[in-house]
K.L.:
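First the structure, then my questions, so here it is.
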Amino acid sequence: MARSSPTGKLKLVEHLRGLSEVVAVTGDGTNDALALHESDIGFAMGIAGTEVAKEQANVIVLDDDFATIVKVAKWGRAVYINIQKFVQFQLTVNIVALMINSVSACITACYL
């Protein structure tokens with residue numbers, strides 16, 4: 001889709017989102033701005049990219065290397081998984097603490 005028209009890129013993004021797909025778009029020019037804006041996550045190139053593309057993107061790749069996009073995806077997924085684990089741990093600890101406090105309050109009330 002590199003040399004397609006801006007409306008063609010936009011139609012592809014809208015069609016994929018209509019199918020409930022997660023859409024990521026990379027771009028560096030003004031013709032990519034609409035697709036970058038409508039995608040779930042847009043990657044713009046920091047050195048070669050235009051200001052319009054950078055404004056519409058979610059992530060700006062500063063070194064213009066596509067290998068960096070892979071690193072961003074891996075780190076983002078790792079951070080997301082760690083946040084999930086932390087929330088699960090916090091919920092478990094808080095529920096157990098609430099149960100212990102409730103049980104101890106009931107036991108204390110019975111003996112008074």
Side-chain angles (χ1 to χ4, degrees):
M1 297 290 301
R3 300 292 174 218
S4 299
S5 67
T7 55
K9 293 175 185 181
L10 180 62
K11 285 181 183 179
L12 177 64
V13 170
E14 289 174 345
H15 178 70
L16 289 172
R17 290 197 66 194
L19 296 173
S20 299
E21 295 290 334
V22 176
V23 181
V25 175
T26 59
D28 61 355
T30 55
N31 60 337
D32 301 321
L34 291 173
L36 286 168
H37 180 71
E38 287 299 317
S39 64
D40 291 311
I41 183 162
F43 294 97
M45 300 301 155
I47 297 170
T50 62
E51 289 301 318
V52 175
K54 290 178 190 177
E55 288 175 6
Q56 297 300 320
N58 302 98
V59 177
I60 299 173
V61 182
L62 296 177
D63 60 358
D64 285 5
D65 187 11
F66 282 104
T68 305
I69 295 173
V70 175
K71 290 179 187 176
V72 167
K74 286 180 182 177
W75 277 96
R77 185 169 291 161
V79 168
Y80 179 73
I81 290 169
N82 286 336
I83 290 171
Q84 282 182 323
K85 289 178 181 178
F86 176 75
V87 169
Q88 181 181 9
F89 170 74
Q90 285 295 320
L91 285 173
T92 304
V93 168
N94 287 336
I95 289 171
V96 169
L98 179 66
M99 289 178 12
I100 289 173
N101 284 334
S102 298
V103 168
S104 65
C106 290
I107 291 173
T108 304
C110 291
Y111 287 115
L112 291 178

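If you read the sequence from its start, that first residue is 1, and numbering goes on from there.
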K.L.:
Using 0.5 Å steps for rounding, measure from the CD1 atom of Ile41 to the OG1 atom of Thr26.
P.N.:
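OG1 of Thr26 is found 11.5 Å from CD1 of Ile41.
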K.L.:
Looking at Asn31, Leu34, Leu36, which one forms a side-chain contact (heavy atoms from CB on, under 4.5 Å) with Lys9?
P.N.:
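That would be Asn31; it is the only one of Asn31, Leu34, Leu36 passing the side-chain contact (heavy atoms from CB on, under 4.5 Å) with Lys9.
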K.L.:
Locate the shortest heavy-atom distance separating Gly42 from Ala57; write the atom from each residue and the value.
P.N.:
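Shortest heavy-atom separation between Gly42 and Ala57 comes out as O-CB, 3.5 Å.
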K.L.:
At what distance, to the nearest 0.5 angstrom, does CE of Met99 lie from CD1 of Ile95?
P.N.:
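It comes to 8.5 Å.
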K.L.:
Which distance, rounded to the nearest 0.5 Å, do you find between the OG of Ser4 and the CG of Leu12?
P.N.:
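So the gap between those two atoms works out to 8.5 Å.
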K.L.:
Let me check something: do Ile47 and Met45 share a hydrophobic cluster, defined by ILVMFWY side-chain heavy atoms less than 4.5 Å apart, either directly or through other members?
P.N.:
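No, no single cluster joins them.
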K.L.:
Hydrophobic cluster membership, with links at side-chain heavy-atom distances under 4.5 Å among I/L/V/M/F/W/Y: are Ile81 and Val72 in one?
P.N.:
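No, Ile81 and Val72 fall in different hydrophobic clusters.
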K.L.:
If we ignore hydrogens and angles and just use 3.5 Å, is the side chain of Arg17 paired with the main-chain N or O of Asp40 as donor and acceptor?
P.N.:
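Checking the backbone N and O of Asp40 against the side chain of Arg17, no donor-acceptor pair under 3.5 Å is found.
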K.L.:
How long is the straight-line distance from NE2 of His37 back to CG of Asp32, given to the nearest 0.5 Å?
P.N.:
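Nearest 0.5 Å value for the CG-NE2 distance: 14.5 Å.
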K.L.:
What's the separation between atom CD1 in Ile107 and atom OG in Ser102, rounded to the nearest 0.5 Å?
P.N.:
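Going from CD1 on Ile107 over to OG on Ser102, the span is 11.0 Å.
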K.L.:
Would Asp65 and Thr68 count as a side chain to side chain contact (heavy atoms under 4.5 Å, CB included) here? Give the steps.
P.N.:
CA-CA 6 Å; Asp65 187 11; Thr68 305; 3.7 Å; yes
K.L.:
So, using salt bridge (charged side-chain N to carboxylate O under 4.0 Å, His left out) as the criterion, who are the partners of Asp64 when residues are at least two apart?
P.N.:
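Scan of Asp64 (salt bridge (charged side-chain N to carboxylate O under 4.0 Å, His left out), adjacent residues dropped) gives none.
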K.L.:
Is there a path of hydrophobic side-chain contacts, each under 4.5 Å between heavy atoms of I, L, V, M, F, W or Y residues, that connects Val25 with Ile69?
P.N.:
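Val25 does not cluster with Ile69.
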K.L.:
With a sphere of 6.0 Å drawn around CD of Gln90, does it hold more than 12 non-hydrogen atoms of other residues, nucleotides or ligands?
P.N.:
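Yes, the 6.0 Å shell around CD holds more than 12 heavy atoms from other groups.
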K.L.:
Determine the minimum heavy-atom distance between Ala44 and Ala53, stating which atoms define it.
P.N.:
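The answer is CB-O, 3.7 Å.
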K.L.:
Do you know which two heavy atoms are closest between Thr108 and Ser104, and how far apart they sit?
P.N.:
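Looks like OG1-O, 2.6 Å.
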K.L.:
Can you find a heavy atom in the side chain of Phe89 that is under 4.5 Å from one in the side chain of Lys85?
P.N.:
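Heavy-atom side-chain distance check fails, nothing below 4.5 Å.
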K.L.:
Short question: side chain of Lys54, backbone of Ile60 - any donor-acceptor pair under 3.5 Å?
P.N.:
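Between the backbone of Ile60 and the side chain of Lys54 there is no qualifying donor-acceptor contact (under 3.5 Å).
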